[in-house]
Amino acid sequence: MMDYHVHTPLCGHAMGTPQEYIQKAIEYGLREIGFSDHAPLPEHLRQNITMEPEEAEEYITMLQKLCHTDKVAVKIGFEVDYPLHTTFDTRYFNDSRIDYIIGSCHFIGNWPFDHPAFVEEYNRRDINQVYHDYYTIIYDMVAAGLFDIIGHFDLVKKFGHRATKDMSKDVEYILQAAAGKSTAIEINTSGWRKPVKELYPSYDILQKMYEYNVPVTLGSDAHAPEEVAYNFDEAIGIIKKAGYRKIVGYKKRKQYTIVL
Ligand SMILES: [Zn+2]
Ligand SMILES: [Zn+2]
């Protein structure tokens, strides 16, 4: 089993050394641990949220040094914001040291909708429009074709705000596009640690993903070593219940299959 979504202190809001995350992965018996720290956002947005552009090299070199353990495979990835990815040097999209790139949306326009300090904005907006705007960004992100994995698919539910209209058409457009490009969607267990207390994505979306034949990865979104592999037993049970018998991993941006 693998955890493909863990952070490092370079982003400014995660604790513990990468060695401690790796140690936790070994204790849990993971075969792979993949770091996917926040790639640089534009300067006015990145303080304590992402690394600086010049730290990307430091990040890769630091992880390369940790790859030399036979107890667990260490993968090097990034979590890149869409559409705010332009601060991230384009050469990293064609860099053989990188195993995979997660595309995530944390901003609707200028609104950091998953940031607790800006949660009031949900009450000022039409919630169905918020969901539609969010899923439109995710669709565009898949269509852009830059990313291997879609991060926390329905993050917009983080604080428990629910669309009152049926969003399944928006979701299905994305799943169709993702299946066509073999873009994976991560099963992200951090939702269980947030006010929504639910897996990203929700079970009904997960069932649709299986119908559409969308590949899945697994990640804890750990920002501290003790969060590595968070609730994975439960998550794997749910993935299997939806029908999946295999998930996918990546090496140098090439996808491969792992039997559950
Ligand atoms: Zn983070
Ligand atoms: Zn994220």
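Nothing here was measured: the structure is a model prediction, and the numbers come from that model.
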**Student:** If I take atom CD1 from residue I102 and atom OG1 from residue T217, how far apart are they, to the nearest 0.5 angstrom?
**Tutor:**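 Reported to 0.5 Å precision, the distance equals 6.5 Å.
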**Student:** Give the ring-plane orientation class for Y250 versus Y4, where under 30° counts as parallel, over 60° as perpendicular and anything between as tilted.
**Tutor:**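 Aromatic pair Y250/Y4 classed tilted.
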**Student:** For E198, give me all partners under salt bridge (Lys or Arg N to Asp or Glu O under 4.0 Å), at least two apart in sequence or on another chain.
**Tutor:**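 By the salt bridge (Lys or Arg N to Asp or Glu O under 4.0 Å) rule, E198 matches K157, R162.
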**Student:** Please work out whether the ring planes of H38 and H7 are parallel, tilted or perpendicular, with thresholds of 30° and 60°.
**Tutor:**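 Parallel: the ring planes of H38 and H7 meet at under 30°.
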**Student:** Do the ring centers of Y134 and W111 come within less than 6.0 Å of each other?
**Tutor:**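 Distance test on ring centres: not under 6.0 Å, no.
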**Student:** Do the side-chain N and O atoms of E227 and S220 include a donor-acceptor pair separated by under 3.5 angstrom?
**Tutor:**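 There is no such pair between these side chains.
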**Student:** Please give me the minimum heavy-atom distance between A178 and V214, naming the atom from each residue.
**Tutor:**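 Where A178 meets V214 most closely, the heavy atoms are CB-CG1, 4.2 Å.
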**Student:** For Y200, does the six-membered ring have the charged nitrogen or CZ of K194 within the cation-pi criterion, i.e. under 6.0 angstrom from the centroid and within 45° of the normal?
**Tutor:**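 Negative - K194 is either too far from the ring of Y200 or too far off its axis.
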**Student:** Evaluate the ring planes of Y135 and F153, with Trp represented by its six-membered ring, and classify them as parallel (under 30°), tilted (30 to 60°) or perpendicular (over 60°).
**Tutor:**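 Ring orientation of Y135 relative to F153: tilted.
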**Student:** Might you point out which heavy atoms bring V248 and I258 nearest each other, and give the distance in Å?
**Tutor:**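 So the minimum-distance heavy-atom pair works out to C-CD1, 4.2 Å.
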**Student:** For H5 and H152, take the angle between the two ring planes, folded into 0 to 90°, and tell me which bin it lands in: parallel under 30, tilted 30 to 60, perpendicular over 60.
**Tutor:**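 H5 vs H152 ring planes: tilted.
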**Student:** Going by the angle between their ring planes, with limits at 30° and 60°, are F118 and H115 parallel, tilted or perpendicular?
**Tutor:**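 The arrangement is perpendicular - the two ring planes meet at more than 60°.
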**Student:** Are more than 12 heavy atoms from other residues, nucleotides or ligands located less than 6.0 Å from atom CD of Q207?
**Tutor:**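 Yes, enclosed.
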**Student:** Closest approach of A179 and Y212, non-hydrogen atoms and distance?
**Tutor:**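 Heavy-atom minimum between the residues: CB-O, 3.2 Å.
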**Student:** What verdict does the side chain to side chain contact (heavy atoms under 4.5 Å, CB included) test give for T8 and F35, after you've listed the backbone C-alpha separation in whole Å, the side-chain angles of each residue and the deciding distance to 0.1 Å?
**Tutor:** CA-CA 8 Å; T8 80; F35 288 84; 3.6 Å; yes
**Student:** Applying side chain to side chain contact (heavy atoms under 4.5 Å, CB included), name anything that partners D166, two or more places apart in sequence or on another chain.
**Tutor:**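 If we apply the side chain to side chain contact (heavy atoms under 4.5 Å, CB included) test to D166, skipping adjacent residues, the hits are S168.
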**Student:** Enumerate the ring-ring contact (aromatic ring centres under 6.0 Å, His included) contacts for residues 45-75, please, sequence neighbours excluded, ordered by first and then second residue.
**Tutor:**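 ring-ring contact (aromatic ring centres under 6.0 Å, His included) check on residues 45-75 returns Y59-F78.
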**Student:** Measure across T183 and F147 and return the closest heavy-atom pair with its distance rounded to 0.1 Å.
**Tutor:**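 It is CG2-O, 3.9 Å.
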**Student:** Using side-chain heavy atoms (C-beta onward) and a distance below 4.5 Å, is Y230 in contact with S190?
**Tutor:**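 Side-chain contact under 4.5 Å: no.
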